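The structure displayed is predicted, hence computed values, not measured ones. Atoms considered below: every heavy atom in the structure, side chains included; atoms not considered: hydrogens, waters and symmetry mates.
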Amino acid sequence: MLVMWAVSAGAVFLVSGCANPRGTASALSPVQPVSSAPASSPTLSSPTLSSPMVSSPVMSSPAAASNATAATYVEGSTQIDGVYTADNERQLVISYVAGDCTVSARGVAREAARSITIHVEVTTRNAICEAIGYVRTAVAPLSAPWGNRVVLDQSGAVVPVVDGALLLSPSWLPDGYQGGEISAFASDGGTATADQEWGPPSVTATTGAGNVSCPPTPGVSLFQGYGIAAGDSVLPGRYSLADGTALTVTRDQLNGLDLYWTPPSHPNGWTVALQSTPECGNPLIPLDTLLKIANSLH
């Protein structure tokens, strides 16, 4: 199982209804660092996916921001993890790494017949900022639909692209769950994968070692794309969704349950993984709750 830390840039609050990746995204992505967790070394227990997190900070300033009114300037960013398509393939939503002083960002696309080269223009406060990297999103509008053109960053490296038309969204989540912004990144095989996370707000508790922020109940992660495979202990028995789609159910070393399946309408090799990992000693999310979320995906 792949354990993910929160990486959402601006939370899309979703308790009922659908956050449709095929809709139109904002062309200017404001930064909301209070909803983003610092990028740090994640815990990986499955070799099948690569985390979109960064293990080193993107800014080297040693102290927290000290001048909120400082002037801004624009800098280019090529620290791009992946993109997904939106607005009927006329937008590329870029998952990129930003610093603690980032104010806003916009995606830029230079189109050719067979390729699209992208970068992110980041507006940053001219201040001393904490050395933390965040995964956020910016939108690059296209003059023509994506059309499976290869996407490159400014260095010429290929950027993984998730077809937003294939992404499923839940119409039901447990009460109080927040989040849901999509992050795109590459799996171990270089294929594109999308990650979404939902959970209750974290509650800060004081322990003998200091302050610890933990959610009161576990959250869930939804991975969709190629290169996803079940790698933990498979539970015995037969499991399926309400429409009869067969599920693989696994349990990881932290006692979390994971569901894996391929929707009948999706291409071969495309896998959906709904994962839950108990945090801070929280109890396990029941299988019937995970199944209810899975059955609400559309």
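- Residues Thr85 and Gln91 bring no donor and acceptor atom of their side chains to less than 3.5 Å of each other.
- Side-chain contact check for Val97 versus Asp81: some heavy-atom pair is nearer than 4.5 Å.
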Result block: side-chain N/O donor-acceptor pairs under 3.5 angstrom for residues 116-123, not counting sequence neighbours:
residue, atom, partner, partner atom, Å
Glu121, OE1, Arg106, NE, 3.2
Glu121, OE1, Arg106, NH2, 3.0

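- Counted by atom type alone, Thr78 and Gln154 present zero donor-acceptor pairs between their side chains at under 3.5 Å.
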Query raised in the report: Can Ile285 and Val220 be said to form a side-chain contact (heavy atoms from CB on, under 4.5 Å), step by step?
Result: CA-CA 9 Å; Ile285 292 181; Val220 294; 3.8 Å; yes

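- Looking at Thr193, its side chain does come within 3.5 Å of a backbone N or O of Tyr226 through a donor-acceptor pair.
- Checking side-chain atoms of Thr102 against main-chain N and O of Gly99 turns up a donor-acceptor pair under 3.5 Å.
- Asp252 contributes atom CG, which lies 8.0 Å from atom CG of Leu257 (distance to the nearest 0.5 angstrom).
- What you find for Ala194 and Leu167 is that their closest heavy atoms are CB-CD2, 3.8 Å.
- The distance from atom CD of Gln196 to atom CG of Leu222, rounded to the nearest 0.5 Å, is 5.5 Å.
- In this structure, Pro141 and Val139 approach most closely via the heavy-atom pair CD-O, 3.6 Å.
- Across every non-hydrogen atom of Pro145 and Asn88, the tightest pair is CB-O, 4.3 Å.
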Query raised in the report: How far apart are the C-alpha atoms of Asp163 and Trp146, what are their side-chain angles, what is the distance that settles it, and do they pass the side-chain contact (heavy atoms from CB on, under 4.5 Å) test?
Result: CA-CA 9 Å; Asp163 184 351; Trp146 164 55; 4.2 Å; yes

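- Of all non-hydrogen atoms in Val159 and Gly82, the two that sit nearest each other are CG1-CA, 3.6 Å.
- Distance alone, capped at 3.5 Å, places no donor-acceptor pair between the Asp87 side chain and the Arg90 backbone.
- Side-chain contact between Glu197 and Ser221 is present, with heavy atoms from C-beta onward closer than 4.5 Å.
- Side chain of Glu89 to main chain of Gly147: a donor-acceptor pair is present (N/O by atom type, distance under 3.5 Å, no hydrogens or angles).
- Leu235 and Val272 fall within a single hydrophobic cluster, where Ile, Leu, Val, Met, Phe, Trp and Tyr are joined by side-chain heavy atoms under 4.5 Å apart, directly or via other members.
- Summarising the geometry of Ile228 relative to Gly225, their closest heavy-atom pair is CD1-N, 3.7 Å, with the distance given to 0.1 Å.
- A donor-acceptor contact shorter than 3.5 Å links the side chain of Asn295 to the backbone of Ala242.
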**Report entry** Audit row: Ser143, Glu111, side chain to side chain donor-acceptor pair (under 3.5 Å) steps and yes/no
**Finding:** CA-CA 8 Å; Ser143 60; Glu111 302 182 52; 2.9 Å; yes

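- You'll find the side chain of Ile182 stays beyond 4.5 Å of the side chain of Thr137, heavy atoms only.
- A continuous path of Ile, Leu, Val, Met, Phe, Trp and Tyr side chains, each step under 4.5 Å between heavy atoms, connects Leu287 with Leu173, placing both in one hydrophobic cluster.
- Considering CH2 of Trp261 and CG of Leu247, their distance stands at 6.5 Å, rounded to 0.5 Å.
- Scanning both residues, Gly190 and Pro160, for their nearest heavy atoms gives O-CB, 4.3 Å.
- A distance-only check finds no donor-acceptor pair linking the side chain of Ser233 to the backbone of Thr250 [under 3.5 Å].
- The structure places CG of Leu274 at 9.5 Å from CD of Gln224, a figure rounded to the nearest 0.5 Å.
- Side-chain contact check for Pro263 versus Leu168: some heavy-atom pair is nearer than 4.5 Å.
- No continuous path of ILVMFWY side-chain contacts below 4.5 Å connects Val103 to Val108, so the two sit in separate hydrophobic clusters.
- With salt bridges taken as basic N to acidic carboxylate O contacts below 4.0 Å, none links Glu181 and Arg136.
- Residues Ser169 and Leu297 are not in side-chain contact: their nearest non-hydrogen atoms beyond the backbone lie 4.5 Å or more apart.
- Within the 4.5 Å cutoff, the side chain of Ser95 has no heavy atoms near those of the Phe185 side chain.
- Side chains of Asp100 and Tyr134: a donor-acceptor N/O pair is present below 3.5 angstrom, by distance only.
- A side-chain donor-acceptor contact under 3.5 Å links Gln275 and Tyr260.
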Report task. I would like to know whether Leu259 and Thr248 meet side-chain contact (heavy atoms from CB on, under 4.5 Å); could you show each step before the answer? Result -> CA-CA 6 Å; Leu259 311 181; Thr248 298; over 6 Å; no

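- Annotation: the span from Gln178 atom CD to Trp198 atom CH2 amounts to 13.0 Å, rounded to 0.5 Å.
- Hydrophobic clustering, with ILVMFWY side chains joined whenever heavy atoms are under 4.5 angstrom apart, groups Tyr239 together with Ile293.
- Counting heavy atoms from C-beta on, the side chains of Ser276 and Leu290 come closer than 4.5 Å.
- Residues Pro174 and Thr289 meet the side-chain proximity criterion, which asks for heavy atoms closer than 4.5 Å.
- Note that CG of Asp153 is 15.5 Å distant from OH of Tyr96, once rounded to the nearest 0.5 Å.
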